[in-house]
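What follows is a single structure, written as structure tokens, with notes after it.
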Amino acid sequence: MIRITTWNINSVRLRLGLVERLARELEPDVLCLQETKVADELFPREAVEAMGFSHVLVHGQRNYHGVAILSKLPLEEHQTHAWCGIDHPRHLSARLPGGIELHNLYVPSGGDEPDRERNPKFAHKLDFLAELAAAWQADGVGQRPTIAVGDFNIAPLETDVWSHKQLLDVVSHTPVEVAALDRLQASAGWIDAVRAIIPPEQKLYSWWSYRARDWQASNRGRRLDHVWVTAPIADKIQTAEVLTAARSWPQPSDHVPVTVDLAL
DNA sequence: ATGGTAGGTATCCTA
């Protein structure tokens, strides 16, 4: 059994204590982080090794973005990827034991205005998804046992947001983004591992804005963080859990960890 | 319709 967790940590250095708490409470074999916001040479490597993650891959820069894979299992043949000719550290992949390929993604947020002509960040988001879809399709990822996790910054289902109607024009849930994510999902026949366990009819969120006075009372969440697997391992999905409680941990990230167990 | 908070860093950008 492999337990894999994805978490947009929003500064790994500020929240090292929360990473340690997660490692202790959930004991994931592999922990994929996004928005680490740290240059590779400043990543707290020793600290996460002390938590039991003896295999650590980082792909970051100072201040913005950044992804990392912390693993108790060996990681091989890792690669970084840059899409749209923009060298943001947003995509890191590696191979787990048994030839399982793992992709850790931080999809561009897309800014505020859902208009590709007026908002270059929104165009970047859509182009990033389209380029990745083309690459995955050309690579035949869908034929191999592969896992893709991360902050995809899109809540695709009506039940992935607190109000489908009120978010139709809000970046993260617009029809054009959902269509782009659908094409990405189709590019390799990805299965949404979380929704394979938690029924799509059920409301489910992994992110709550910092701007709410009381995130729990208003509960205006969105499911932005995802775990996908390809067909060869679709029957291995055992459990899926969104650790909502982590949103109430001291000085929390605005995202909570999403965990899937695979019988691998 | 508006503005609300957070992090890293530098006095703003990104989310």
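Predicted model, so just to flag it, every value in this text is computed and none were measured. Chain letters run A, B, ... following the sequence lines, proteins first and then strands; every chain starts at 1.
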(message) Minimum heavy-atom separation for A/Gln216 and A/Ser248, please, with both atom names.
(response) OE1-OG, 4.0 Å

(message) Within the 4.0 Å heavy-atom criterion, would you say A/Arg222 contacts the bases, only the backbone, or no part of the nucleic acid?
(response) nothing

(request) Report the residue (A/Gln251 or A/Asp151) whose heavy-atom-nearest nucleotide on DNA chain B is the more 5′ of the two. (result) A/Gln251

(request) Would you indicate which nucleotide in B/dT9, B/dT14, B/dA15 comes nearest to any side-chain atom of A/Ser109? (result) B/dA15

(request) Rounded off to whole Å, could you give me the CG-to-C1' distance for the A/Asp254 and B/dG7 pair? (result) 10 Å

(message) Within the 4.0 Å heavy-atom criterion, would you say A/Arg62 contacts the bases, only the backbone, or no part of the nucleic acid?
(response) sugar-phosphate

List the atom pairs, with distances to 0.1 Å, where a side-chain N or O of residues 43-59 of chain A and a protein N or O form a donor-acceptor pair under 3.5 Å, not counting sequence neighbours.
| from | atom 1 | to | atom 2 | distance (Å) |
| --- | --- | --- | --- | --- |
| A/Arg45 | NH1 | A/Val56 | O | 3.2 |

(message) In this structure, how many angstroms lie between the P atom of B/dA15 and the CZ atom of A/Phe122, rounded?
(response) 14 Å

(message) In whole Å, I'd like the distance from the OH atom of A/Tyr64 to the P atom of B/dA10.
(response) 9 Å

(request) Considering just the side-chain nitrogens and oxygens of A/Arg15, establish if one lies under 4.0 Å of OP1 or OP2 belonging to B/dG7. (result) yes

(message) What's A/Arg220 touching, base or sugar-phosphate or nothing? Going by heavy atoms closer than 4.0 Å.
(response) nothing

(request) Figure out the CD/C1' separation between A/Gln166 and B/dA1, and round it to whole Å. (result) 14 Å

(message) Please give the distance between the P atoms of B/dG7 and B/dG3 as a whole number of Å.
(response) 22 Å

(request) Let me know, please, whether A/Leu14 or A/His255 comes out on the 5' side of the other along DNA chain B by nearest nucleotide. (result) A/Leu14

(message) On the side chain of A/Arg211, is there an atom forming a donor-acceptor pair with the base of B/dA15 - under 3.5 Å, no angle test?
(response) yes

(request) Please state how far atom CD in A/Gln61 lies from atom P in B/dA15, giving the value in whole angstrom units. (result) 10 Å

(request) May I have the distance from A/Tyr210 (atom OH) to B/dG7 (atom P), rounded to whole angstrom? (result) 5 Å

(request) Please state the P separation for the pair B/dT9 and B/dA15 - nearest whole angstrom. (result) 15 Å

(request) Decide, yes or no, whether a salt bridge links A/Lys72 with A/Asp29 under the criterion of side-chain N to carboxylate O below 4.0 Å. (result) no

(request) Could you work out the separation of B/dT2 and B/dA6 based on their P atoms and round it to a whole Å? (result) 23 Å

(request) Quick one: name the residues clustered hydrophobically with A/Met1, using the 4.5 Å side-chain heavy-atom rule over I, L, V, M, F, W, Y, and just say none if it's on its own. (result) none

(request) Using atom CD of A/Glu113 as one end and atom P of B/dA15 as the other, report the distance to the nearest whole Å. (result) 15 Å

(request) Counting heavy atoms from C-beta on, name the nucleotide in B/dT9, B/dA15, B/dC13 closest to the side chain of A/Arg90. (result) B/dA15

(message) Regarding A/His81 and A/Ser93, do their side chains bring together a donor and an acceptor under 3.5 Å, going by distance alone?
(response) yes

(request) Starting from C1' on B/dA6, measure out to CZ on A/Arg247 and report it in whole angstrom. (result) 10 Å

(request) Please tell me which of the listed nucleotides, B/dT9, B/dT14, B/dT5, lies nearest to the side chain of A/His65? (result) B/dT14

(message) Does either side chain, that of A/Arg211 or that of A/Ser218, offer a donor lying less than 3.5 Å from an acceptor on the other one?
(response) no

